Amino acid sequence: MTNAEATPKQPLDAERFAEIADHTLLAGGTTMPELDRFLAEARELGVKRVCVSPSLLPVDKHGLEIVTVIGFPSGAHHAEIKAAETTRAVRDGADEIDMVVNLGLVHVRDYAAVEAEVRMVREACGGKVLKVILETAELADDEIVGASLAAARGGADFVKTSTGFSKAGGASVHAVSLMSGAVGDTVGVKASGGVRTASEVEALWQAGATRFGVSGTASIIAELRGESPAESSGGSY
């Protein structure tokens, strides 16, 4: 059964979205006062977790879960460096790790090497949640499927569409559908990159997304509540 033929999921409401949204601040040059304001906003929004750059850790969590990024944004780092960066991030209090895959390995279809680098980061983060960013807008359909399967074999808990920094684009319903179809129910799918409206969130949710990376979280939650969209301080993601 394809995603298009599958029974539609219950539409997302604001409260459920807040539980599965990674409220994100990955803008370069972020200052500590800006981070403090961002964390205060996250608490006001009622989100469960935030995603920030590893150099901003450790932070006072105030009950939030902390997601950070590894090999970001290019993914063109040695696997050993990604693993070392992960070890440091976990030591600094990260609860979840979002690593960028080596796109060069994907483009030559060396999925064994992709699996090996994911496994190395998996070992470094131990029991923490691991998401693997595929940068799907830069991949052919067979590369999306192959990389998703390799990430799953390497121990990923989620496959993720995008960094939000690629000129090729961000999340798409097509990519999410391919990823979800590849990994099934065994691995989650995080949609991120250019997701700015409640209608986009709902389309991605129905396509198979189970987590979202967004900076305009306040605006999306307002839309889901039927309110006027609010401004978010999160920055581009």
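Because only heavy atoms are used, hydrogens play no part in the values below, and waters and symmetry mates are left out as well, while side chains stay in. Every value quoted in this text rests on a predicted model; they were computed, and no experiment measured them. Along the sequence shown, the residues carry numbers beginning at 1.
Interatomic distance, CE of Met99 versus OG1 of Thr86, reported as 7.5 Å (0.5 Å rounding). One distance of note links CD of Glu202 with OG1 of Thr197; it measures 10.5 Å at 0.5 Å rounding. One distance of note links SG of Cys125 with CD1 of Ile70; it measures 9.0 Å at 0.5 Å rounding. One finds the CG atom of Leu139 at 6.5 Å from the CG atom of Leu134 (value rounded to the nearest 0.5 Å). Rounding to the nearest 0.5 angstrom, the gap separating the CD1 atom in Ile144 from the CD atom in Glu138 is 11.0 Å. Note that CG of Leu64 and CZ of Arg43 are 6.5 Å apart. Values are rounded to the nearest 0.5 Å.
Side-chain contact check for Ile220 versus Phe212: every heavy-atom pair is 4.5 Å or farther apart. In this structure the side chain of Val52 reaches within 4.5 angstrom of the side chain of Ile66, judged on heavy atoms. For the pair Phe38/Thr30, no side-chain contact is recorded, criterion being any heavy-atom separation below 4.5 Å from C-beta on. Between Ile97 and Thr68 the shortest side-chain heavy-atom distance falls below 4.5 Å. Counting only heavy atoms from C-beta outward, the side chains of Val173 and Leu204 approach each other to under 4.5 Å. Residues Leu25 and Val50 form no side-chain contact, since every pair of their non-hydrogen atoms from C-beta on lies 4.5 Å or further apart. The side-chain heavy atoms of Lys160 and Asp98, taken from C-beta on, include a pair separated by under 4.5 Å. Annotation: side chain of Lys131 is in contact with side chain of Asp22 (closest heavy-atom distance under 4.5 Å).
For Thr24 (side chain) and Ser215 (main-chain N/O), no donor-acceptor pair under 3.5 Å exists by modelled atom type. A donor-acceptor contact shorter than 3.5 Å links the side chain of Thr87 to the backbone of Ala83. Side-chain N or O atoms of Thr186 include one that pairs as donor or acceptor with a backbone N or O of Val183 at under 3.5 Å. Using a distance-only test at 3.5 Å, with no hydrogens or angles considered, no donor-acceptor pair links the side chain of Ser53 to the main chain of Leu56. Looking at Gln206, its side chain does come within 3.5 Å of a backbone N or O of Lys9 through a donor-acceptor pair. Looking only at distances, a side-chain donor or acceptor of Thr161 sits under 3.5 Å from a matching main-chain atom of Ser192.
Linking ILVMFWY side-chain heavy atoms closer than 4.5 Å, directly or via other members, places Val159 and Val118 in a single hydrophobic cluster. Note on Val132 and Val106: same hydrophobic cluster, where clusters join Ile, Leu, Val, Met, Phe, Trp and Tyr whose side-chain heavy atoms are under 4.5 Å apart, directly or indirectly. By the rule that hydrophobic residues join a cluster once side-chain heavy atoms approach within less than 4.5 Å of another member, Leu224 and Trp205 end up as members of one cluster. If you chain together hydrophobic residues whose side chains sit under 4.5 Å apart, Val129 and Ile133 never meet in one group.
The number of heavy atoms from other shown groups lying within 6.0 Å of CG (Asp185) does not exceed 12.
Here the closest non-hydrogen pair linking Ala218 and Glu41 is CB-OE2, 4.4 Å. When all heavy atoms of Val214 and Val195 are compared, the closest pair comes out as CG1-O, 3.5 Å. Residues Pro54 and Glu85 share a closest heavy-atom pair of CG-OE2, 3.8 Å. Minimum interatomic distance between Ser172 and Ala175 (heavy atoms only, all atoms of both residues): OG-N, 3.0 Å. Glu143 and Tyr111 get closest at one heavy-atom pair: CA-OH, 3.3 Å. Across all non-hydrogen atoms, the minimal contact from Leu35 to Val59 is CD2-CG1, 3.5 Å.
Asp95 and Arg49 are not joined by a salt bridge, as no carboxylate oxygen comes within less than 4.0 angstrom of a charged side-chain nitrogen. The pair Arg211-Glu96 meets the salt-bridge criterion, since a charged nitrogen lies less than 4.0 angstrom from a carboxylate oxygen. Using a 4.0 Å cut-off between charged side-chain N and carboxylate O, Glu200 and Arg196 make no salt bridge.
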Enumerate, atom names and distances included, each donor-acceptor pair closer than 3.5 Å involving a side-chain atom of residues 11-18, sequence neighbours excluded.
from	atom 1	to	atom 2	distance (Å)
Asp13	OD1	Glu15	N	3.4
Asp13	OD1	Arg16	N	2.8
Arg16	NH1	Glu19	OE1	3.2

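Under the ring-ring contact (aromatic ring centres under 6.0 Å, His included) criterion, Phe158 pairs with no residue at all, not counting sequence neighbours. Scanning for salt bridge (Lys or Arg N to Asp or Glu O under 4.0 Å) contacts around Glu117 gives Lys82, with sequence neighbours left out.
For the salt bridge (Lys or Arg N to Asp or Glu O under 4.0 Å) with Asp157, the lone residue among Lys190, Lys128, Arg122 that qualifies is Arg122.
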side-chain contact (heavy atoms from CB on, under 4.5 Å) assessment of Thr163 paired with Glu135 = CA-CA 6 Å; Thr163 61; Glu135 206 68 276; 2.7 Å; yes
